[in-house]
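Accompanying notes for the structure given below.
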Amino acid sequence: MTKRSQFVTKTGVIAATVGSAVGLGNIWRFPYEAGVHGGGAFLLLYIVCIFLIGIPVMLSEFVLGRATHQNGVGAFRKLAPRSPFRIVAYMGIIASVMILSFYSVVAGWIMEYLFQSIEGLFWNVDAEQYAERFAAFISNPWRPALWTLIFLAMNFLVLRRGVEKGIEKISNILMPVLFILLVIFCANSLSLPRATEGVKFLFTPHFEELSASVVIGAMGQAFFSLSLGLTCMLTYASYFSDSTKLTQSAVLTAILDSLVAILAGLVIFPAVFSFGKTPEEGPKLVFEVLPSIFAEMTGGHIWSVAFFLLLFFASLTSTISMSEIFISYLVEERRMERQKASILNTGVCAVLGVLCALSFGPLSEFTICGKNIFDLFDYVASNIFLPCGGILLSLFAGWALDRAIMRNQLTNDGRLSARWVKPLRFCMRFIAPIAICIVFIYGLL
Ligand code: PHE
């Protein structure tokens, strides 16, 4: 087996896991899901899911990844060769391909907006026209598909360079800048007229509106946003060094990730109400609202270019991590060259991605259970595959994994305090899997 690379620095580990976690999931998906599902109650459930389910599942992935230094399939091969649990690794590969396919479409929309910002196309239209223009763009028969392919090509170029060089450098510099920009936009949105309505929408839970779809949506969003349940964090943890503090990294990643989502909510919702829009717009929400926000700001032109550029990089650090699941499997289990594996991953996602891109235009009539291909991929991967993966990963880590391995991983072979080992293992064995099952059962009733 070839020698595997490692993340070189401690900040590199955090930057890479946060880079995977923070992306369109926080800035595009969170506001749209929160908007569709009534705001406050969704946010509360989402936070509960992050801490009760997300952190234990993330630690399960970290432990399995670093204990084995293998890709998902390899980790199970090493720890429990014939156990049926290994299906989770194959499910993860399928989920990663599905997510990468529709994610690249949205990243393509971001690139279109970046292009429009640079060209200055946002500024000579009325605010009401933003929605129409976006609708015209996504229903165009070729433009969104072309951007999807361009994005996938860029993702491919970064992938070829391997783990530490490409990912670490990019995310080390850009994530903090994105964070600062969001804080500035947030201050701006909060100063808009009727901003408080948006804040109330996001923070006041209306439990009378609670329904199965809200609960399932919140759990799916927690998994999606933390990149969990598809062995992505497992694969990343396989590149961690022995001194990486797993618990600390998981908690920090979860906190930073939720913070970015809430900030994005505080940028979007005050503006939604201020510009007289409704929060239930779905995937289009952020794209209809952001141009109006920038148009209101002094120097809006520069802000929007900077923002879409950073968002593009945030998407890229996430798609790189998704791609790594399939690629590391092909390279390590199938002995394929990295270059070929990257081409295969990109090729499959290019075909599926184009189908997703066209599902707002020429393929919009093609629906299954009322969802177009794009929505279907998102729904099935995020709300079903990832939580199912989460159940299996935490059950495996909690019940099947040797207790000593768990302890050694969480304490770095006894160098860190063992205070959290028992409660965390308890969460992996009982709390996380039971909580996920309860949400599913609630959803089916
Ligand atoms: N967590 C990423 C985001 O929020 C998306 C992602 C999902 C990345 C699954 C990797 C795996 O944008």
Side-chain angles (χ1 to χ4, degrees), residues 15-34 46 49-50 54 57-58 61-62 65 71-72 88-89 91-110 151 155 158-159 163 167 170-171 174-175 178-179 182 217-237 250 253-265 283 286 310-329 345 349 377-390 393:
T17 47
V18 174
S20 166
V22 172
L24 297 172
N26 309 61
I27 291 160
W28 157 74
R29 201 175 186 278
F30 173 79
Y32 113 56
E33 284 279 325
Y46 164 74
C49 288
I50 292 274
V57 173
M58 190 181 297
E61 294 207 23
F62 278 0
N71 63 84
V88 72
M91 274 167 51
I93 294 173
I94 298 173
S96 77
V97 168
M98 289 172 83
I99 295 179
L100 183 56
S101 304
F102 76 81
Y103 201 95
S104 305
V105 174
V106 186
W109 297 348
I110 297 287
F151 179 79
N155 185 54
V158 182
L159 283 173
V163 173
I167 308 172
I170 298 176
S171 42
L174 294 177
M175 289 297 125
L178 179 66
F179 195 81
L182 279 174
M219 182 170 75
Q221 175 61 23
F223 272 94
F224 186 90
S225 192
L226 290 178
S227 319
L228 291 180
L230 71 172
T231 68
C232 177
M233 287 299 179
L234 187 159
T235 308
Y236 260 24
T253 304
I255 291 176
L256 287 174
D257 188 68
S258 328
L259 220 56
V260 175
I262 294 173
L263 269 179
V286 170
L310 287 170
L311 206 50
F312 163 75
F313 280 106
S315 320
L316 205 53
T317 51
S318 298
T319 52
I320 291 165
S321 73
M322 285 170 217
S323 314
E324 202 61 40
I325 302 171
F326 193 25
I327 293 177
S328 62
Y329 162 75
N345 181 57
C349 293
F377 272 32
D378 186 354
Y379 190 89
V380 172
S382 315
N383 294 358
I384 299 171
F385 272 59
L386 303 191
C388 285
L393 284 159

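For clarity, every value in this text was computed on a predicted model and none was experimentally measured. Numbering of ligands and ligand atoms starts at 1, following listing order.
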In Å and rounded to the nearest 0.5 Å, what is the CD1 to CZ distance from I110 to F151?
9.5 Å
At less than 4.0 angstrom from any atom of ligand 1, which residues have a non-hydrogen atom? List them by chain and residue number.
S20, A21, G23, L24, G25, N26, Y103, F224, S225, S227, L230, C232, S318, S321, M322
Is any side-chain heavy atom of S318 closer than 4.5 Å to a side-chain heavy atom of V22?
no
Would you call Y236 and S227 a side-chain contact if the rule is heavy atoms closer than 4.5 Å?
no
Contacts of type ring-ring contact (aromatic ring centres under 6.0 Å, His included), residue F102, not counting sequence neighbours
F374
Going by the rule ring-ring contact (aromatic ring centres under 6.0 Å, His included), which residues pair with F326 if we only count those two or more places apart in sequence or in a different chain?
none
Output a table of donor-acceptor pairs, distance under 3.5 Å, between side-chain atoms of residues 24-32 and any protein atom two or more places apart or on a different chain; print 'none' if there are none.
{"residue": "N26", "atom": "OD1", "partner": "G23", "partner atom": "N", "Å": "3.0"}
{"residue": "N26", "atom": "ND2", "partner": "D257", "partner atom": "O", "Å": "2.9"}
{"residue": "N26", "atom": "ND2", "partner": "D257", "partner atom": "OD1", "Å": "2.8"}
{"residue": "W28", "atom": "NE1", "partner": "P283", "partner atom": "O", "Å": "2.9"}
{"residue": "R29", "atom": "NE", "partner": "D378", "partner atom": "OD1", "Å": "3.2"}
{"residue": "R29", "atom": "NE", "partner": "D378", "partner atom": "OD2", "Å": "3.2"}
{"residue": "R29", "atom": "NH1", "partner": "Q221", "partner atom": "OE1", "Å": "2.6"}
{"residue": "R29", "atom": "NH2", "partner": "D378", "partner atom": "OD1", "Å": "2.8"}
{"residue": "R29", "atom": "NH2", "partner": "S382", "partner atom": "OG", "Å": "3.4"}

